[in-house]
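First the proteins, then the strands, lettered A, B, ... as listed; each starts at 1.
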There are 2 protein chains.
Amino acid sequence: MSEVICTVDVVLLTLRDDALQVLLHRREREPFVGTLALPGGYVHTDSDRDTRDAALRVLRDKPGVHSPYLEQLGTFSGPARDPRGWSISVVYYALVPDTLITEAADAVLCSVDDLRGLPFDHAQIVAAACERVRNKSSYSSLPVHLCPAPFTLPQLQVVYEALLGEPLNKVSFRRKMDELDVLEAIPGAFSSGNAHRPAQLYQVKPAWRHALSLSERAI
Amino acid sequence: MSEVICTVDVVLLTLRDDALQVLLHRREREPFVGTLALPGGYVHTDSDRDTRDAALRVLRDKPGVHSPYLEQLGTFSGPARDPRGWSISVVYYALVPDTLITEAADAVLCSVDDLRGLPFDHAQIVAAACERVRNKSSYSSLPVHLCPAPFTLPQLQVVYEALLGEPLNKVSFRRKMDELDVLEAIPGAFSSGNAHRPAQLYQVKPAWRHALSLSERAI
DNA sequence: TTTAATTAGTTGCAAACATAAACTAAGTGG
DNA sequence: CCACTTAGTTTATGTTTGCAACTAATTAAA
């Protein structure tokens, strides 16, 4: 019943080149100083109101990421995951459109299928986050948080298809988006510059900026 | 960044009188000594392999509860939920058939709709567990873990209806159970003693004893 | 021993829903 | 102004769902 090391980590995911990518941060402290790892740190008991607050604080260091979709992924624990001793990590995952992410020397986007040498159990954590995102994408509005606003329905469909790994029926997809009721057409705004018919531009209704709409049936 | 109090709590749920009931334990220590609360305690860093292991240890104290369905619910945290200071509780929920639960002076079943005076944020935790169970019941095999084996399909349907709070269509329900593919008929075993046609008895296939089968569509 | 009552389990059909293909709409570039 | 491309809708077809009515198997009572 000795000391438990207690930290908060964040899996910041985005979609770039039709693939999930995770933001990794170069560690400034031991253990694993200088290695790319999930951003995170200790809870600040003097200023954090809870672990979610701590996760938001971790994210605020990243320029461009203001108030992303954020959800608790789960808590990972054990005696060996951290060389300092028996540890717990409360993990949150965040989704942001890739246009909002600015990479830096100490903040790098990596494809989630190509993660080598991650310290701690961070590879397992990223895998769990991807599974959660892909699973929720199949019956919810989750993917809208990966789409830079404003966006068209065909663009959003591409995002869904990238996450689900399968092509979707255009008519069904539009009907589902209509049922989820999270999007609002921007009056008079259409995509332009392409050699074809412009598409209606949409944005997420304010009430759904940080929430999920669930579908009874799969998308 | 001072000390964080780190505990594991368990929401042990069962279905009695067609209502979700939670097992509460009379606390033997401060704070709130003598009060009914969720069973739980500190992580034993010398013997627990992770927090799930700690939750199972907490449950092993309860006679009759051997290897229930167990899933991490989430982690609850903050400066005020525990009078001792900034604390984290990693919470698991377990489902067991009510026939396996033996109540005692220090272990009492309470209806989840009738919880007064729970210490810490345990009322909120129980509410979150119920929401999770009811939600998962709508598209998975979760409720089979609340049904004492062997059981009939009509009995299982009553369990689903109690959790979902609405009557289900008999034909659809049987089709869904067939699709979930978690049950096996016990050859030659039928319910008896009732003044009507006996029903086939079923049990959960071994592979699904601690897992969930998910349905694309709602039950 | 028959009959009524009750619940288990199946069948058939109509309505609701999902999918694919074919269509119309609206832009760009030659 | 015509070919090409993608946006968005319509139509037809196939699949899923839910209700009602059916048959099946038991007990209790006449």
Rounded to the nearest Å, what distance is computed from the [atom1] atom of residue [X] to the [atom2] atom of nucleotide [N]?
X	N	atom1	atom2	result
B/Ile219	D/dG18	CD1	C1'	15 Å
A/Asn194	C/dG29	CG	P	10 Å
B/Glu216	D/dT17	CD	P	11 Å
A/Leu201	D/dA7	CG	C1'	12 Å
A/Phe190	D/dA7	CZ	P	13 Å
B/Arg197	D/dA25	CZ	P	6 Å

Item to check | Exercise: identify the closest heavy-atom pair between A/Asp9 and A/Gly40 | outcome: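 Answer, listing the atom of A/Asp9 first, then A/Gly40: OD1-CA, 3.4 Å.
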
Item to check | Pairwise 5' ranking along DNA chain C for B/Arg217 and A/Pro198, keeping only the more 5' one | outcome: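 So the residue in question is B/Arg217.
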
Checklist entry - Where each residue is assigned the nucleotide of DNA chain C containing its nearest heavy atom, which of A/His196 and A/Glu179 is assigned the position nearer the 5′ end? => result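 Upstream on the strand: A/Glu179.
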
Item to check | A/Asp50 vs B/Arg81 side-chain heavy atoms within contact, under 4.5 Å | outcome: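 No, side chains not in contact.
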
Checklist entry - CG of B/Leu20 to CG of B/Asp98: how many Å apart, nearest 0.5 Å? => result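 Reported value, rounded in 0.5 Å steps: 11.5 Å.
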
Item to check | A/Ile125 side, atom CD1; A/Leu118 side, atom CG - distance, nearest 0.5 Å | outcome: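 With rounding to 0.5 Å, CD1 (A/Ile125) is 9.5 Å from CG (A/Leu118).
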
Item to check | Shortest side-chain distance from B/Gln200, nucleotide among D/dA28, C/dG9, C/dA8 | outcome: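 Among D/dA28, C/dG9, C/dA8, the one nearest the side chain of B/Gln200 is C/dG9.
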
Checklist entry - Parallel, tilted or perpendicular for A/Tyr69 and A/His145, by the 30°/60° rule? => result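 Parallel.
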
Checklist entry - Among side-chain atoms of A/Asp114 and A/Ser111, is any donor-acceptor pair under 3.5 angstrom? => result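 Per modelled atom types, A/Asp114 and A/Ser111 side chains form no pair under 3.5 Å.
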
Item to check | Any residue of residues 150-177 of chain A with a heavy atom less than 4.0 Å from an atom of DNA chain D | outcome: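 Those residues whose heavy atoms fall under 4.0 Å from DNA chain D, taken from residues 150-177 of chain A in numerical order, are A/Pro154, A/Lys170, A/Val171, A/Arg174.
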
